[in-house]
K.L.:
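Below: one structure in C-alpha cells.
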Amino acid sequence: MKFIKLFSLITLLSPLSSLLSITTPMQAQKKLFTLEELNYGGTNYHQVVPENKYYTWWGDELVRTDVEECYLVDKKTGKETLLFSLDDVNKWTDANDTVFVRHLMNATFPYPDKSLVALGNRKSFILVDFKTKALVWQDSIAEQKAYDWSAASKNTAFVKDNQLMVVDAKGRCRKITADGSRNIVYGQTVHRNEFGIDKGTFWSPNGELLAFYRMDQTNVADYPQVDITTRMASYEPDKYPMAGEQSHYVTVGVYDVKNDKTIYLDTNDQPTPSDSYLTNIAWSPDSKVIYIFHLNREQNDCRLRSYDATTGKCIAEIYRETSDKYVEPLHPIVFLPWDDNKFILQSQRDGYNHLYLYNRDGKLLKQLTKGNFVVEELVGFNEKKQSVIITSNEANAIQRNTYSVDIKSGKRTLLDNGRGSHRAMLSASGEWFVDRYTEPTVPRNIEVRSTQGTGKSTMLLCASDPWNEYVQPIFESGTILAADGTTELYYRMVKPNDFDPTKKYPTVVYVYGGPHAHNVEASWHWQSRSWETYMAQKGYIIFILDNRGSENRGRDFEQVTFHQLGQVEMQDQMEGVKFLKSLPYVDSERLGVHGWSFGGFMTISLMTNYPDVFKVGVAGGPVIDWRWYEVMYGERYMGTPQNNPEGYEKISLISKAKNLKGKLQIITGYNDNTVVPQNCLSFLNACIEAGTQPDFFVYPGEEHNMRGHKSVHLHERITQYFEDYLK
C-alpha cells in the first residue's frame with residue numbers, strides 16, 4: 001500500500017494547511033436535511049447558506065451595499081454610517097410605478113473623488129449624486145444585450161437585433177454594424193468562452209474607442225437541436241464546431257466614438273481564416289495601442305502582438321511562446337499604474353503560472369514570481385508601494401492566499417491569515433482590501449486589511465454555522481499517491497454522522513477529473529458539494545479525488561493527459577479505489593461512481609474499463625467520443641481526429657459499450673449545447689447492438705446543467721438510483 005496521509009486537527013494550527021476531520025455528535029433534536037434545503041434550486045436553500053454581506057469601494061472608502069441601504073464603513077472599527085437608502089434614491093430620481101430602482105445590491109461608486117453612485121436596475125443606467133441628492137445622468141438601454149458602460153466617457157456599447165450599438169454620453173445612439181445576424185456575431189464572447197474570454201467589447205482607458213469582436217460562423221455546422229415547446233416541434237439549431245471541422249473566423253474592430261468611424265485590425269496572417277484564435281484583448285494606458293494574443297489552431301504557438309488603434313496596422317510581435325503540447329493564454333497583459341512602459345504578462349512556461357515583467361518593446365525585465373506554486377489571480381496594485389497584489393497556492397496546494405509582491409525586489413509578503421481559501425477585493429489605491437475567506441470549519445469570514453502586511457485586520461462578518469441545527473456528516477481530507485508512485489493527490493471523504501468503523505458502508509466515488517477544475521479545497525467542508533451531505537445522511541460514504549489533469553498543480557500535472565484524455569485520470573482514480581478497498585469500513589462489493597460532463601465521461605470510462613469494480617454508476621452529460629466535442633477545448637487536449645486518430649479511438653466509449661456490467665444511468669439535457677445529445681444517443685445505440693442495458697433519462701428543454709428547481713429533481717433521481725441498486 002502506498003503512503004496515505006490523513007489530515008487531522010493538529011494541522012489546523014499550521015499556516016500551510018487547515019486540514020482536519022470535522023465531526024458533530026448525533027443529537028435527537030437535530031434536523032435532517034432535505035434537497036430543498038441543500039440544493040441551489042431548492043425552495044429553502046437560503047436557510048443553510050452562510051450569512052453574507054456585500055461590499056464595494058468608493059476610492060479607498062469602504063461601502064456596504066444592501067437591498068434597502070448603502071452604508072459607509074469605518075475600516076478600523078467596522079462601524080457603519082448610513083449613506084443613503086433605496087427610498088432616498090427613488091425620491092431623488094422622481095421614480096414612478098413603472099420606472100424605479102428596485103434594490104441597491106449592485107450599487108457601484110465609479111469615481112473616487114465624486115459622490116456619485118451608479119445603478120442599473122430601473123430599465124436604465126443612472127448616476128445619482130448622494131450629496132446633492134440629485135439624478136445627474138442616465139441612459140435608457142441598460143437591459144440590452146452585452147451592455148458595456150465606460151465610466152471614463154459615459155459612452156455605452158450594447159447589442160440590439162444582432163447589431164452593435166453605441167450611445168454617447170449625450171444620448172446620441174449609433175448603429176455601428178449592419179450585417180449582424182445569427183451567422184455574423186458582434187460584440188459578444190467568441191471561441192466558445194475558451195482562453196479566458198467572457199465578453200466581446202473592450203473600452204479604451206479614455207472611453208472614446210471601443211474594441212469589439214466580430215465572429216463569422218457562416219461555415220460552422222449546425223447541430224440540429226429541437227424545441228418541443230411549440231405546437232409542432234420546431235428546428236432550433238446551434239452553431240457547433242466539432243473537433244477537426246470548420247471553425248469560425250474572428251476579427252477585431254475598433255470604433256471611434258468622436259469620429260463615428262470603424263476600422264479593423266490587420267490580424268489575418270494565418271493560412272486560412274479559421275486557423276487562429278484572438279484572445280485577451282488589452283489597451284495601452286494612452287488608448288493608442290491594442291494588444292492581442294494570437295494562438296494557432298494547434299494551440300502550441302502563442303504570440304503577443306501590438307496594433308495601432310487608429311490604423312489597425314500591426315506594430316510589433318513582442319512575445320512568443322511555443323510548446324510541444326499546448327500553450328494556453330488566459331490573462332491579458334496589465335500595465336503598471338506608475339509606469340506606462342512596463343507590463344506584467346502571465347505564463348506557465350517554467351512549469352507554473354507566474355508573473356513576468358516586460359517593457360513595451362518586448363524585453364523581459366524580470367520574472368516577478370517563481371516557485372512550485374500557481375499564481376491564481378492578479379488582483380491589482382498598490383501604487384504607493386509599487387507592489388502587485390496576487391492570490392496563489394504557495395502556502396498549500398489546496399489553499400488560496402493573498403500576497404503582495406514588491407516589483408523591485410520580488411519579495412512576497414503574506415497579507416491574510418495563511419489558512420483557508422481567500423478572495424481579495426482591492427481599494428482604488430490598492431492600500432486596502434476586503435478579504436473574504438472560508439476554512440474547513442469557517443463558513444464565511446469577511447475582514448478588511450491593509451496591503452502593508454501589518455497583519456492587522458477589522459472583522460466585518462464572522463458567519464455562524466447555518467448547519468448548526470442539522471445532523472452533519474463527517475468531513476475529512478487527506479492525500480494519497482498517484483499511479484506514478486510519486487505525485488501527491490488530494491482527496492475528500494464524507495461519512496455519515498453516526499459513522500461506525502466496525503460496519504461496512506456502500507461508497508460512491510464522485511469524479512470530475514478534467515482540466516480547469518478541482519474538487520478539493522481548504523474551504524468550508526473541504527468544498528464539499530451539498531449532494532454529498534444528502535448521501536452521507538442516507539448512509540453512504542462519498543469519496544472525491546483530484547487526479548492528475550486537474551487544475552492548480554502546475555503545467556506538467558495537467559498536461560500529462562495530453563492526447564489521451566481519461567487514461568491517466570482513470571489510473572489515479574483507481575489508486576483511490578485501492579485506498580478505499582484498504583479501509584475496513586468500505587464495502588468493496590458496493591462501490592458506485594458518479595460525475596457530470598467530463599465527470600460523466602470519467603464515470604462511463606471507469607465502468608467500462610473496470611466493469612468488475614463498480615456496481616452502480618450515474619453519468620450526467622457525458623462526452624462519449626471526443627470527435628463530437630467542440631474545436632477549442634477538444635483540439636487543445638486531443639489534437640484533431642485527423643492527426644491523432646489512434647488517440648481518439650482509444651478513448652472513445654463506443655467500442656466499450658459491450659463491457660458494461662453494472663447498473664448505469666445516463667442523464668442529459670435534451671438541448672445540451674455543450675455536450676451535444678449525439679454523445680448519449682450514440683452510446684445507447686452501441687449498447688443496443690452489444691446487448692448491454694444502461695438506463696437513460698432526459699430533461700426536456702434543458703441545456704448542459706439543470707436549472708432552477710429541476711436541479712432538485714435531478715439530484716433526487718441520482719440519489720434514488722443508488723438507493724435502488726447500491727444500498
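What you see is a predicted model; the values in this text were computed from it and never measured.
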K.L.:
Can you list the residues that meet the side chain to side chain contact (heavy atoms under 4.5 Å, CB included) rule with I315, with sequence neighbours excluded?
P.N.:
V289, S306, D308

K.L.:
With the threshold set at 4.0 Å, does a side-chain nitrogen-carboxylate oxygen contact exist between E521 and R400?
P.N.:
no

K.L.:
If the condition is side-chain hydrogen bond (donor to acceptor under 3.5 Å, both in side chains), which residues does N193 pass it with, not counting sequence neighbours?
P.N.:
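Once residues adjacent in sequence are excluded, the partners of N193 under the side-chain hydrogen bond (donor to acceptor under 3.5 Å, both in side chains) criterion are T189.
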
K.L.:
When you check the gap from the basic side-chain N to the acidic O, do D416 and R449 get nearer than 4.0 Å?
P.N.:
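No, no charged N to carboxylate O under 4.0 Å.
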
K.L.:
Got a sec, which residues hit ring-ring contact (aromatic ring centres under 6.0 Å, His included) with Y255, two or more places apart in sequence or on another chain?
P.N.:
none

K.L.:
Test of understanding: with side-chain hydrogen bond (donor to acceptor under 3.5 Å, both in side chains), list the residues that count as partners of D324, not counting sequence neighbours.
P.N.:
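Counting only residues at least two positions away or on another chain, D324 forms no side-chain hydrogen bond (donor to acceptor under 3.5 Å, both in side chains).
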
K.L.:
Not counting sequence neighbours, which residues clear side-chain hydrogen bond (donor to acceptor under 3.5 Å, both in side chains) with T369? List them please.
P.N.:
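So T369 forms a side-chain hydrogen bond (donor to acceptor under 3.5 Å, both in side chains) with H354.
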
K.L.:
Taking side chain to side chain contact (heavy atoms under 4.5 Å, CB included) as the test, write out the residues that go with A118, two or more places apart.
P.N.:
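Scan of A118 (side chain to side chain contact (heavy atoms under 4.5 Å, CB included), adjacent residues dropped) gives T108, P110, F125, L127.
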
K.L.:
If the condition is side-chain hydrogen bond (donor to acceptor under 3.5 Å, both in side chains), which residues does E630 pass it with, not counting sequence neighbours?
P.N.:
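side-chain hydrogen bond (donor to acceptor under 3.5 Å, both in side chains) check on E630 returns nothing, list empty.
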
K.L.:
Looking at residues at least two apart in the chain, or sitting in another chain, which of them share a salt bridge (charged side-chain N to carboxylate O under 4.0 Å, His left out) with E194?
P.N.:
R636

K.L.:
Could you list the residues that satisfy salt bridge (charged side-chain N to carboxylate O under 4.0 Å, His left out) with D546, not counting sequence neighbours?
P.N.:
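Per chain and number, D546 pairs via salt bridge (charged side-chain N to carboxylate O under 4.0 Å, His left out) with no residue.
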
K.L.:
Is the shortest side-chain N to carboxylate O distance from E317 to R303 below 4.0 Å?
P.N.:
yes

K.L.:
Considering only residues two or more places apart or on different chains, which pairs with a residue in residues 207-219 satisfy salt bridge (Lys or Arg N to Asp or Glu O under 4.0 Å)?
P.N.:
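Output for this query lists D179-R214.
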
K.L.:
Among residues at least two apart in sequence or on other chains, which ones pass side chain to side chain contact (heavy atoms under 4.5 Å, CB included) with Q567?
P.N.:
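By the side chain to side chain contact (heavy atoms under 4.5 Å, CB included) rule, Q567 matches Q564, M570, K650, I651.
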
K.L.:
With Y358, which residues qualify under ring-ring contact (aromatic ring centres under 6.0 Å, His included), at least two apart?
P.N.:
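Counting only residues at least two positions away or on another chain, Y358 forms a ring-ring contact (aromatic ring centres under 6.0 Å, His included) with Y319, F343.
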
